[in-house]
Structure formats: structure tokens, C-alpha cells
Amino acid sequence: MPELPEVETIVRQLNREIKNKTITDFSCSAPKMAVTHKLADFQRQIKGKKILNVKRRGKIILLELSGGLVLAIHLRLTGQLFVRKSTHPQDPFNRAIFQLGKNLELRFNDLRLFGQMWLYPKTQIENNFDKIQKLGPEPFDKTFILQNFKNILQHNRTKIKALLLDQSKISGLGNIYSDEVLFYAVIHPNTPANKISDEKIRKLYIGIKKILRDAIRAQGTSVDTYRDIRGEKGQYAVKLKIYRRTGKPCFRCGTKIARVKIGGRSAHFCPKCQKRIMNYE
DNA sequence: ACCTATGTTGGATC
DNA sequence: AGATCCAACATAGG
């Protein structure tokens, strides 16, 4: 499910709703999701811990707990975090429940079971957690300047679509927003990253920030299973220009939108506007 | 009914 | 280095 805007939405809402709550109990019906511990150990470690703060790095949610622990959560494709009153009916595909006192629960639901949780001491998260160590720059980090982005593109021959999806190059973009930013910047998804002109790099850089910011404002895109912590849809789906619009008219020129596979993922683009550079497929 | 697709990512293989 | 295929898994849609 979630890319940067969806994860950011969830993180902001969690801070509003469950900061300073204490995890009074934990249960989980999918042991593989809690990757760092056997279930009993995971439960023992997390029980009684207070949620001090919620952060995000890339698409990874980080709950800072008392006792110097951090609970890291990755929702992968279909994970959801819901905050529910205990009286609320059970959610479909619920895999884990963090009890927050008598009346409140943080529920981890996941249809496809790809989601993962890690529980580590804070120092280890910061210094040794490879999932975070490997991440590229945050699009909204002040140090992520145009020149920085330019360097990344100029040192990679890979197709720009694949580069944008590669979390070690730049973090936070997934299949939806990588398509959207390439449409915004009018770049064919198969263009080798190091063949993109300075002008287009600049446009892409601007587009990444603009589109992610707009999507966060709209509380994310619910084109499939994404929901926020109240179970509500994000509102950005109606603003999508290209993603999953195969065969529909391009908003710029009316040409039918095309779809190609790049690295096993679908890339949507306008074959007229986003012309591929000759000599490169 | 069968085939394909799905918001992720990590590993194997060429 | 980089591309491609496959793995985890469950469901929906053509």
C-alpha cells in the first residue's frame, strides 16, 4: 500500500492519537511478521512500554518507546494500521493487536502478510538497522538539494523509473508517485537516468516535492487497500494524472495512455508527450 | 475458469 | 552494474 504520503499521513495521525499511550498487551496471529523476536519474547519486550513519539524514515514507521526501544513497521503492499476502540468490530485480515489500555487498540491488518515489524534498541536502529541504513535521501530533507539529485541521476545508467523506485537512491517513492512525477516532468520511464537533461532533472526534482506535498495534503492515495488510521480513504486518487489510466486520454494531449513493464512493475505514461529518447528502448 | 494484476523489497541468476 | 525473474501471500477483475 503505502508510499511516502500515505506513511506520512499515518505517522501524523498516530502522533495525534496514540502518543503517550502505554502498550498494555500485544497479540499476533502471524508470527513471521515480527521478524526480530519469537512471539513470546516480542510480547514480553513490548508490554508496558509507552509510545513516546512516532517518526518516519522512507516508508518505514518508527515508534519510539520507553526503555530505549524502537518499534519499526513496514506495511509493504497491503498493510494497514488502524486505531480502534476495543468495542469496534474486528477488522478483516487483522494480524496483530497492540492493546492501549482498556478501551483502545492499535491494529495491524495485512491481507498479503508481507508487512514486517522489528523491535530494536534505539542505538541499534540508528547505527545497525540495514533497512534504514540503505535508504537514500528523504525528498523533504533540507540537505536534499537539486545538485544532490543531479549527482544521483548522472551516476546511474539505469532506467529512470527503476531508479525512482530504488529506495537506496531516493526514499519514499513507489509505483504510483514515480509514474506521476515522470508525467509531471514529461520524461519517458525508460530513459536512462544519466541521459536526462539538466532542465528535465530540475523539473523532476520540483515535481517530486510538489506531488508528494500535494498527496500528503490529500492524505494519500486510496486506489486499492490503503486506508488511514481511522479506516478512511485518502483523497489523492482523483488527482492522479497517469497511474492506472491505461487507454484513457492523456490530460495534456488526449493520446491514449500506455503501459509498459519495467523491472516487473507497470509504468504508465503518455506515448506522445513522454517521448522516449531514440537509441534507447 | 484461467490468467493476470496488485501501493514492496530482497535474493538469485544471467 | 544492471536487467530480469521469482519469492513471500491473498484476492479481484477481465
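Just so we're on the same page: letters track the sequence lines, and every chain starts at 1. Keep in mind it's a predicted model, so treat the numbers as computed, not measured.
- Under a 4.5 Å side-chain heavy-atom criterion applied to ILVMFWY residues, the cluster that includes A:I257 comprises A:F183, A:I242 as well.
- Remark: A:T158 is not in phosphate contact with C:dA1, judged by side-chain N or O atoms under 4.0 Å from OP1 or OP2.
- Here B:dT9 presents its C1' atom at 13 Å from CG of A:N175, a figure rounded to the nearest Å.
- Annotation: C:dA7 and B:dT4 have their P atoms spaced 15 Å apart (nearest Å).
- Distance A:D179 CG to B:dT6 C1': 13 Å, rounded to the nearest Å.
- Residue A:H74 has a polar side-chain atom (N or O) positioned under 4.0 Å from OP1 or OP2 of B:dT9.
- In the set B:dT8, B:dT6, C:dT4, the nucleotide with an atom closest to the side chain of A:Y243 is B:dT6.
- A straight line from CG of A:L164 to C1' of B:dT9 spans 16 Å, rounded to a whole angstrom.
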Dot-bracket for DNA chain B, 5' to 3', Watson-Crick and G-U pairs with both distances under 3.5 Å, [ ] for crossing pairs, | for partner on another strand, reads .|||||.|||||||
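- The hydrophobic side chain of A:L52 is isolated, with no ILVMFWY side chain under 4.5 Å apart from it.
- Atom NZ in A:K195 sits about 13 Å away from atom P in C:dG2, given to the nearest Å.
- Counting only residues at least two apart or in different chains, ring-ring contact (aromatic ring centres under 6.0 Å, His included) contacts with residues 138-157 of chain A comprise A:F144-A:F149, A:F144-A:Y205.
- Residue A:K169 contributes atom NZ, which lies 17 Å from atom P of B:dT8 at whole-angstrom precision.
- Among the atoms of the strands shown, only primed sugar atoms or phosphate atoms (P, OP1, OP2) are found under 4.0 Å from some heavy atom of A:S266.
- The phosphate of B:dT9 (OP1 or OP2) has a side-chain N or O of A:K59 nearer than 4.0 angstrom.
- Relative ring orientation between A:H37 and A:F42 is described as perpendicular, the plane-to-plane angle rising above 60° on a 0-90° scale split at 30° and 60°.
- Residue pairs meeting the ring-ring contact (aromatic ring centres under 6.0 Å, His included) criterion with at least one member in residues 43-97 of chain A, sequence neighbours excluded, do not occur.
- An OP1 or OP2 oxygen of B:dT8 is reached within less than 4.0 angstrom by no side-chain nitrogen or oxygen of A:T78.
- Side chain of A:Q274 to backbone of A:L182: a donor-acceptor contact under 3.5 angstrom is found.
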Base-contact (B) and sugar-phosphate-only (S) positions in nucleotides 8-14 of chain C, heavy-atom cut-off under 4.0 Å, - elsewhere:
BBBS---
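- By the 4.5 Å side-chain criterion applied to Ile, Leu, Val, Met, Phe, Trp and Tyr, A:I97 is assigned to no cluster and stands alone.
- Nucleotides B:dC2 and C:dC9 are separated by 23 Å at their P atoms, to the nearest Å.
- Between A:R84 and A:D91 there is a salt bridge, since a side-chain N of the basic residue sits under 4.0 Å from a carboxylate O of the acidic one.
- Between A:N156 and the phosphate of C:dG2, there is a side-chain N or O to OP1/OP2 separation shorter than 4.0 Å.
- Residue A:V186 is found outside any hydrophobic cluster, as its side-chain heavy atoms come under 4.5 Å of no other Ile, Leu, Val, Met, Phe, Trp or Tyr.
- Residue A:K261 has no polar side-chain atom (N or O) positioned under 4.0 Å from OP1 or OP2 of B:dT4.
- Rounded to an integer number of Å, the gap from A:Y177 OH to B:dT8 P is 10 Å.
- A:G174 comes within 4.0 angstrom of the backbone, heavy atoms only, and of no base.
- Comparing B:dA5 with C:dT4, their P atoms are spaced 15 Å from each other, to the whole Å.
- In this structure, A:Q167 does not reach the B:dT8 phosphate: none of its side-chain N or O atoms is under 4.0 Å from OP1 or OP2.
- Donor-acceptor pairing under 3.5 Å is recorded for the side chains of A:D141 and A:T143.
- Comparing B:dT6, C:dT4, C:dG2 by their nearest atom to the side chain of A:R157 picks out C:dG2.
- Checking B:dG10, B:dT8, B:dA5 against every side-chain atom of A:K131, the shortest atom distance belongs to B:dG10.
- To the nearest angstrom, P of B:dT8 lies 14 Å from CD1 of A:I262.
- With sequence neighbours excluded, no residue satisfies salt bridge (charged side-chain N to carboxylate O under 4.0 Å, His left out) with A:K59.
- Residue A:D130 contributes atom CG, which lies 15 Å from atom C1' of B:dT8 at whole-angstrom precision.
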